[in-house]
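A quick write-up on the structure given underneath.
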Number of protein chains: 2
Amino acid sequence: MDTSPRAVQDRLAAFRGRCAALGLALTPQRLAIYTVLAGTDGHPAAEEIFRQIKPDMPSLSLGTVYRTLELLESHGLVGRVHGLDDQAHFDANLDHHHHLVCTRCHAVRDFDAPALRGLAIPEAALGGFRVESHRLHLLGVCATCQAGEG
Amino acid sequence: MDTSPRAVQDRLAAFRGRCAALGLALTPQRLAIYTVLAGTDGHPAAEEIFRQIKPDMPSLSLGTVYRTLELLESHGLVGRVHGLDDQAHFDANLDHHHHLVCTRCHAVRDFDAPALRGLAIPEAALGGFRVESHRLHLLGVCATCQAGEG
DNA sequence: GTTATTGCAAACATTTTGCACCAGC
DNA sequence: GCTGGTGCAAAATGTTTGCAATAAC
């Protein structure tokens, strides 16, 4: 995901617009939570988002972070990613993309390979299942963890 | 996954062999847990496996189910699947296959499409990540849930 | 001023762990 | 008799919820 200041600004502007359109109050908490997601390439869990904001907003409660993420996901403003731990991770990048999941450190990174778009799935194999979307997780070892091998 | 009596028998025989080779005791609990997985196409969670065995083995404890699944997974005898809920589901099918995940009822079913094997992933997109395996989740609505639509 | 949103704390669900007891070699 | 495995209950973890106080529109 493009995390240049410009791209982040664009994302935040779009977020404000979507909130207004949906009738959602643009509270400082919501803005802070979305800003964390809009500005990172990672896929933080609720707890991690909370820790990042807490110093600047001591009144923030973890419950609000969970509620906000749930709300934003239900309106399609953020995505939920399941990695290897049983913890939900979140993502402001809604473009079609896939994930690299490190089996050592459980980090999740985005990647996109245009060659993988338009996967041809034989209808016959699906047995009546109606496919609406797909997600591909590549499991392996990230560069950082490889460096630590020995 | 082939759940014919013959295929299940084969799987159980292989399981006994693997346990012996690994020096793992073949306790009634372990056998019961693996049997549930070997005989189903679904991907039950620990609690579900527990419920299925409990009537026939009242002394069974849920902790043992968790410990056993963890043990079997660590020895590569079963696989762990993350669907849409934040609950681990388990799978005795270790052949290369993918999953159909129903966004309504969260059921997970296997499917295999030979066309998807040998996905060509451009190295350049990976940025040093070493890919060891991949999993594809197709999200959509299963036949059962489609039938219930109105 | 209303209504939606927050903070807090308690509840909840899932999974892990410590420890005493038990079973098999 | 050791070793490993189980059952139980407590704890840890991640998440949701009820309710009174508060802030956004």
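The analysis underlying the following values was restricted to heavy atoms, covering all of them including side chains, and did not include hydrogens, waters or symmetry mates. So that the names make sense, note that chain A is the first sequence line, chain B the second, and so on, each numbered from 1.
Extent of DNA chain D lying under 4.0 Å from chain A heavy atoms, first and last nucleotide in 5' to 3' order, is D:dG14 to D:dC25.
Along DNA chain D, the nucleotide nearest A:L26 and the nucleotide nearest A:E70 are compared for position; the residue whose nucleotide lies closer to the 5' end is A:E70.
Of the residues B:V108, B:D91, B:L37, the one that meets the side chain to side chain contact (heavy atoms under 4.5 Å, CB included) test with B:P44 is B:L37. Each of A:T68, A:T40, A:V36 was checked for a side chain to side chain contact (heavy atoms under 4.5 Å, CB included) with A:I49, and the lone residue meeting it is A:V36.
Residues B:H82 and A:H137 keep their aromatic ring centres 6.0 Å or farther apart. Two rings, from B:H134 and B:H98, have their centers less than 6.0 Å apart.
Within a 6.0 Å radius of CZ in A:R109, other residues, nucleotides and ligands contribute 12 heavy atoms or fewer.
Here C:dT14 presents its P atom at 14 Å from NE2 of A:H82, a figure rounded to the nearest Å. Spacing between atom CZ of B:F50 and atom P of C:dT15 amounts to 14 Å, rounded to whole angstrom units. Atom CE in B:M57 sits about 14 Å away from atom P in C:dA23, given to the nearest Å.
Residue B:A88 is in sugar-phosphate contact alone, with no base atom involved, counting any heavy-atom pair closer than 4.0 Å across all strands shown.
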With 3.5 Å as the limit, what N/O pairs link the protein to nucleotides 2-6 of chain C?
| residue | atom | partner | partner atom | Å |
| --- | --- | --- | --- | --- |
| C:dT5 | OP1 | A:A25 | N | 3.3 |
| C:dT5 | OP1 | A:R30 | NH1 | 2.7 |
| C:dT5 | OP1 | A:R30 | NH2 | 3.3 |
| C:dT5 | O5' | A:R30 | NH2 | 3.2 |
| C:dT6 | OP1 | A:T27 | OG1 | 2.7 |
| C:dT6 | O3' | A:Q29 | NE2 | 2.9 |

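Between the side chain of B:Q146 and the backbone N or O of B:V141 there is at least one donor-acceptor pair closer than 3.5 Å.
For A:H43 and A:D110, the side-chain atoms include at least one donor-acceptor pair closer than 3.5 Å.
Residues B:E70 and B:R80 are paired through a salt bridge, judged by an N-O separation under 4.0 Å between the basic side chain and the carboxylate.
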